[in-house]
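Single-structure report; data block below.
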Amino acid sequence: MKKLVFATNNAHKLSEVRAILASEYEIFSLAELNCNDDIPETADTLEGNALLKAQYVFEKFGMDCFADDTGLEVDALGGEPGVYSARYAGEEHNSHNNMMKLLARLGENPNRKAHFRTVIALIEKGEVRFFEGRIDGHIAFEPRGNAGFGYDPVFVPAGYEKSFAELGVDEKNKISHRALAVQNLVGYLRG
């Protein structure tokens, strides 16, 4: 089985990606490499942050790896929170506060169009490649559901009546932005 490092300590992201890749790849987290470093995400794009994380791990451990960055981009807010999605309401990365700030900023605005975008940076034998996944949808007027994490309770994917948090992890993993990006990554790796 092939081995790859997923440059994350986010247990939710790790379990999503492992569920998608379980049959073909052994995925190592940063914790499993005893890497507890706070890898800086100082770029102003999703691509830039994903690459920063992947380069850090590749240079430190010399292992093929990939990293992702995800942003929720809301049309009526000019693409906010975007690259700042995880820390929209402050550096403490509080999902509830992030959602509440988003809902407050949108208010009663009828334009609720939004999309999630995930960018994966893969470093394989020193070569860098990017893979993207995107899912369109809209922002609900209030949080709904208990599954998932982050903005899942307020994001309703196009073609669905339920939020990501109401759909549940299994259904979300089939259609999510991260699933699409990982599918593109896997398509390339299977080559």
Side-chain angles (χ1 to χ4, degrees), residues 1-73 79 81-95 98 115-135 147-152 155 164 169 172-191:
M1 190 174 285
K2 292 183 181 178
K3 298 180 181 194
L4 273 175
V5 176
F6 183 11
T8 189
N9 276 322
N10 183 315
H12 296 291
K13 286 184 181 183
L14 188 63
S15 65
E16 275 188 22
V17 168
R18 279 185 170 152
I20 295 164
L21 291 174
S23 62
E24 297 138 286
Y25 292 90
E26 187 175 1
I27 305 295
F28 293 91
S29 69
L30 293 175
E32 290 164 330
L33 296 178
N34 292 316
C35 179
N36 298 306
D37 304 348
D38 189 19
I39 302 171
E41 295 182 47
T42 54
D44 58 3
T45 64
L46 299 176
E47 292 82 358
N49 279 338
L51 184 58
L52 282 173
K53 292 185 277 190
Q55 282 176 323
Y56 183 90
V57 171
F58 185 76
E59 289 168 9
K60 184 166 183 168
F61 298 98
M63 295 177 70
D64 289 349
C65 65
F66 66 95
D68 77 321
D69 200 21
T70 294
L72 173 64
E73 298 172 345
V83 73
Y84 304 105
S85 293
R87 54 193 183 280
Y88 194 45
E91 287 301 317
E92 69 277 356
H93 300 259
N94 181 304
S95 294
N98 289 338
H115 60 269
F116 265 118
R117 201 164 61 90
T118 293
V119 176
I120 293 174
L122 168 70
I123 301 180
E124 182 185 40
K125 299 178 185 82
E127 297 282 321
V128 177
R129 288 182 175 74
F130 291 98
F131 305 90
E132 185 174 320
R134 174 183 163 144
I135 184 163
F149 64 100
Y151 296 91
D152 288 356
F155 184 79
F164 267 169
V169 174
K172 177 190 168 189
N173 281 348
K174 293 176 187 170
I175 64 168
S176 79
H177 45 292
R178 188 168 296 107
L180 296 170
V182 170
Q183 286 168 12
N184 290 333
L185 169 68
V186 171
Y188 164 76
L189 291 171
R190 287 178 179 159

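Please read these numbers as outputs of a predicted model, since none were measured by experiment.
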Distance col, row Asp68:CG vs Thr8:OG1, nearest 0.5 angstrom, shows 6.5 Å

Taking the side chain as every heavy atom from C-beta outward, state whether Ile27 and Leu14 have any pair of such atoms under 4.5 Å apart.
yes

Here the gap from Thr118 atom OG1 to Leu180 atom CG, rounded to the nearest 0.5 Å, amounts to 8.5 Å

Please determine whether a side-chain nitrogen of the Lys or Arg among Glu32 and Arg18 lies less than 4.0 Å from a carboxylate oxygen of the Asp or Glu.
yes

Value rounded to 0.5 Å, distance of CG in Asp152 from OG in Ser95:
9.0 Å

Inter-residue atom distance Leu4.CG - Leu21.CG, 0.5 Å rounding
8.0 Å

For side chain to side chain contact (heavy atoms under 4.5 Å, CB included), just list the numbers for Val5 and Phe66, CA-CA rounded to whole Å, side-chain angles, deciding distance to a tenth of an Å, and then say yes or no.
CA-CA 6 Å; Val5 176; Phe66 66 95; over 6 Å; no

Polar side-chain atom of Asn49 near backbone of Asp69 as donor-acceptor pair, under 3.5 Å
no

Heavy-atom closest pair, residues Arg87 and Glu41
NH2-O, 3.5 Å

Salt bridge between Glu73 and Arg117, side-chain N to carboxylate O under 4.0 Å?
yes

Please report the C-alpha distance between Thr42 and Leu52 in whole Å, then the side-chain angles of each, then the deciding distance to 0.1 Å, and finally whether the side chain to side chain contact (heavy atoms under 4.5 Å, CB included) criterion is met.
CA-CA 8 Å; Thr42 54; Leu52 282 173; 3.6 Å; yes

Between Glu24 and Lys2 (salt bridge meaning N to carboxylate O under 4.0 Å), is one present in this structure?
no

Of the non-hydrogen atoms in Ala67 and Ala7, which two are nearest, and what is the gap between them?
CB-CB, 3.8 Å

Return yes if some donor-acceptor pair links the side-chain N/O of Ser85 with the main-chain N/O of Leu72 below 3.5 Å, else return no.
yes

If you take all heavy atoms of Phe149 and Lys172, which pair is closest and at what distance?
CE2-NZ, 3.9 Å

For Asn98 and Tyr151, the nearest pair of non-hydrogen atoms, with its separation, is CB-OH, 3.3 Å

Validation row: Lys60, Asp37 side chains within 4.5 angstrom (heavy atoms)
yes

Quick one: do Phe130 and Ile120 satisfy side chain to side chain contact (heavy atoms under 4.5 Å, CB included)? Show the steps, please.
CA-CA 6 Å; Phe130 291 98; Ile120 293 174; over 6 Å; no

Exercise: identify the closest heavy-atom pair between Ala147 and Val169
CB-N, 4.4 Å

Derivation of the side chain to side chain contact (heavy atoms under 4.5 Å, CB included) call for Leu122 and Asp64:
CA-CA 8 Å; Leu122 168 70; Asp64 289 349; 5.6 Å; no

Checking side-chain polar atoms at under 3.5 Å, does Glu124 have a donor or acceptor matched by the opposite partner on Tyr188?
yes

So how far is it from Asn173 CG to Ser15 OG, rounded to the nearest 0.5 Å?
7.5 Å

From Ile175 CD1 over to Ile135 CD1, what is the distance, rounded to the nearest 0.5 angstrom?
4.0 Å

Please work out whether the ring planes of Phe164 and His177 are parallel, tilted or perpendicular, with thresholds of 30° and 60°.
parallel

Taking the ring centre of each residue, are Phe28 and Phe6 less than 6.0 Å apart?
no

Can you give me the closest heavy-atom contact between Cys35 and Asn9, atom names plus distance?
O-ND2, 3.6 Å

Looking at Phe131, is its backbone amide N or carbonyl O close enough to the side chain of Asn184 to form a donor-acceptor pair, meaning the two atoms are under 3.5 Å apart?
no

